[in-house]
Amino acid sequence: MDKFVVRGGNPLLGTIKVSGAKNSALPCMAAAILTEDEVILENIPQVNDIETERKLLTSMGAEVELGYGRAQHRTHIKCAILSDPVAKYEIVKTMRASSLVLGPLIARTGIARVAMPGGCAIGGRPIDLHINGLEAMGATITQDHGYLEARADRLKGAHIVFDKITVTGTEDLLMAATLAEGESVFENCAREPEVTDLAALLIAMGAKIEGAGTGTIRIQGVSKLHGARHRINPDRIEAGTFLIAGAITGGDLNVDCCEPKHLGALITKLEQCGVKIDVGIDHVRVRSGGELKAADITTEEYPGFPTDMQAQYMALATQAEGTSTVIENIFENRFMHVQELIRMGANITISGRTATVRGKTPLQSAAVMCSDLRASASLVLAALVADGETILDRVYHLDRGYEHFEEKLRGVGAQIRRMGDVFGRK
Ligand code: UD1
């Protein structure tokens, strides 16, 4: 298993570029299931979750060509024939977002067999809302041997009010509804930019959708969708991680090729912490404004403070003067980075969904273990200001969602390198 070796102490200086959003790319790749024609997606990030999704689609009979570098991170997907509409456990266990193929598969083929998901170990993460929604649209769903099987001749439009706001649940049912008979109205939908990005692709494919990005989405089902070309949004979580990297190291970092509109809650919070921020059309510059000050956060659905930035923010809070309260509202078990931060010298206590961070504490290097995607990023950020050389184990979690992370950080002055396993295992 690869490790990172990080030597702290350098302020990050220069320009760092943001890649396409993994969490947009995954549903957009799944949307290609809805048509026999070719779907071309640009700005696809080169991360392991995308490779997993490629495997998933090809295992069902799709043709997927991923081109990086000169090919500008473009993927061509053609689901002319879906000979095996099954999402196998071996693939799904590594990526919970595999459940995103459930809606499009049943809408296109009338049958879907999808293994119950694995993915990041951040709480129970059920998919009951996906299942209830598809049932409301007329699907029959059974469960056996760890698989869900959904069948329907043709899905019917439905009025669904989500009990709880779910990002991939909204996306899954949105895709299903595009080919359903009649109108669907979904309420209490996720308003995340990734939902809007997916809807833009679906509309380009011929879907009739209104209201994506608001709490209520209306879909007029059509009998067929066609091919399209679409550019994936910049990754707001990667951009946010770099903003914190600039702030925590007291650097001067220009985070380029991002969408500042999607970073509102984080930018507001960084300004409260005393960080200087300049917002451009497609870039955000972050600079030290002197000592960092403590500020509280509560994670919420978009446009609130993202749960996917909570761990990285907590690394920053250890370096802020005063007490920061961090409330995690979205997932029940998302403080796994805390023990590792404490081992590096942070002063953090947890009570239920609330973490209290008392700063500023000097951080020391240590051998630490990555436990999930964003927790890994948090530990790298802490290591960038720790005294000495920190070794991070299990960086495969980070490789699921950050493109060329260590190379990008090295380009702006971080001392970070990857150390392969002596046996070459990943
Ligand atoms: C997506 C993101 C993930 C992010 C999360 C919240 C992708 C691929 N992943 O995950 O990075 O952290 O949104 O912004 O886009 N829930 C249920 N039943 C369901 C579905 C969800 O109870 O059927 C609950 C979850 O347990 C959680 C909450 O709803 O407490 C939100 O989860 P959800 O928005 O579905 O997260 P994901 O879509 O899995």
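Both counts, for ligands and for their atoms, begin at 1 and track the order of listing. The chain is numbered in sequence order, starting from 1.
With salt bridges taken as basic N to acidic carboxylate O contacts below 4.0 Å, none links Arg236 and Glu259. A salt bridge links Asp399 with Arg418: the closest approach of a Lys/Arg side-chain nitrogen to an acidic carboxylate oxygen falls below 4.0 angstrom.
The distance criterion of under 3.5 Å between nitrogen or oxygen atoms is not met by Thr307 with respect to ligand 1. The N/O atoms of Glu192, backbone and side chain alike, include none that comes under 3.5 Å of an N/O atom in ligand 1. Ligand 1 has no N or O atom lying under 3.5 Å from any N or O atom of Lys22, backbone or side chain. Residue-to-ligand polar distances keep Ala97 apart from ligand 1: every N/O pair is separated by 3.5 Å or more. On a distance-only criterion, Lys164 and ligand 1 share at least one N/O pair closer than 3.5 Å. Between Leu26 and ligand 1, not a single N/O pair is under 3.5 Å apart.
The closest side-chain donor-acceptor pair between Thr299 and Glu328 falls under 3.5 angstrom. Side-chain contact, Gln312 with His337: no donor N or O sits under 3.5 Å from an acceptor N or O.
When heavy-atom distances to ligand 1 are checked against a 4.0 Å cut-off, Val167 comes that close through both its backbone and its side chain. Both the backbone and the side chain of Ile330 come within 4.0 Å of ligand 1, judged by heavy-atom distances.
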